[in-house]
Amino acid sequence: MAREIIAPPGGFHGPVKRSITIAGHPTSISLEPIFWAALETAAADAALPLSALVAAIDHARISAEDPPNLASAIRTWLMAAPRT
């Protein structure tokens, strides 16, 4: 029997745009609130400011052969990154 799919706690939410400075350059990133929360947790776990973690992800992203946009790179990193 198939498992019933239900909405996450608090429901579904669209992207929220936030401004952040990466390497001295202001940019805006649109992520769903659940990804912002996960990114903030990952930054705290790494003892890094949020902007430093995003800058590191951005650096890895632009080194890729076919770099995705920054928001996609952040989401992918959050889903793939090993957690301690």
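Keep in mind the model is a prediction, meaning the values are calculated, not measured.
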Determine all donor-acceptor pairs shorter than 3.5 Å in which one atom belongs to a side chain in residues 12-34; sequence neighbours excluded.
residue: His13; atom: NE2; partner: Gly10; partner atom: O; Å: 2.9
residue: Arg18; atom: NH1; partner: Glu40; partner atom: OE2; Å: 2.8
residue: Arg18; atom: NH2; partner: Glu40; partner atom: OE2; Å: 3.0
residue: Glu32; atom: OE1; partner: Arg75; partner atom: NE; Å: 3.0
residue: Glu32; atom: OE1; partner: Arg75; partner atom: NH2; Å: 3.3

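In terms of hydrophobic clustering, with Ile, Leu, Val, Met, Phe, Trp and Tyr side chains grouped at heavy-atom distances under 4.5 Å, Met79 and Leu53 are assigned to a common cluster.
For the side-chain hydrogen bond (donor to acceptor under 3.5 Å, both in side chains) condition, the pairs that include at least one residue of residues 54-68, sequence neighbours left out, are Asp58-Arg61.
Residues Leu78 and Ala42 come closest through the heavy atom pair CD2-CB, 4.4 Å. For Val54 against Leu39, the heavy-atom pair with the smallest separation is CG2-CD2, 3.7 Å.
At distances below 3.5 Å, not a single donor-acceptor pair connects side-chain atoms of Ser72 with backbone N or O atoms of Pro68.
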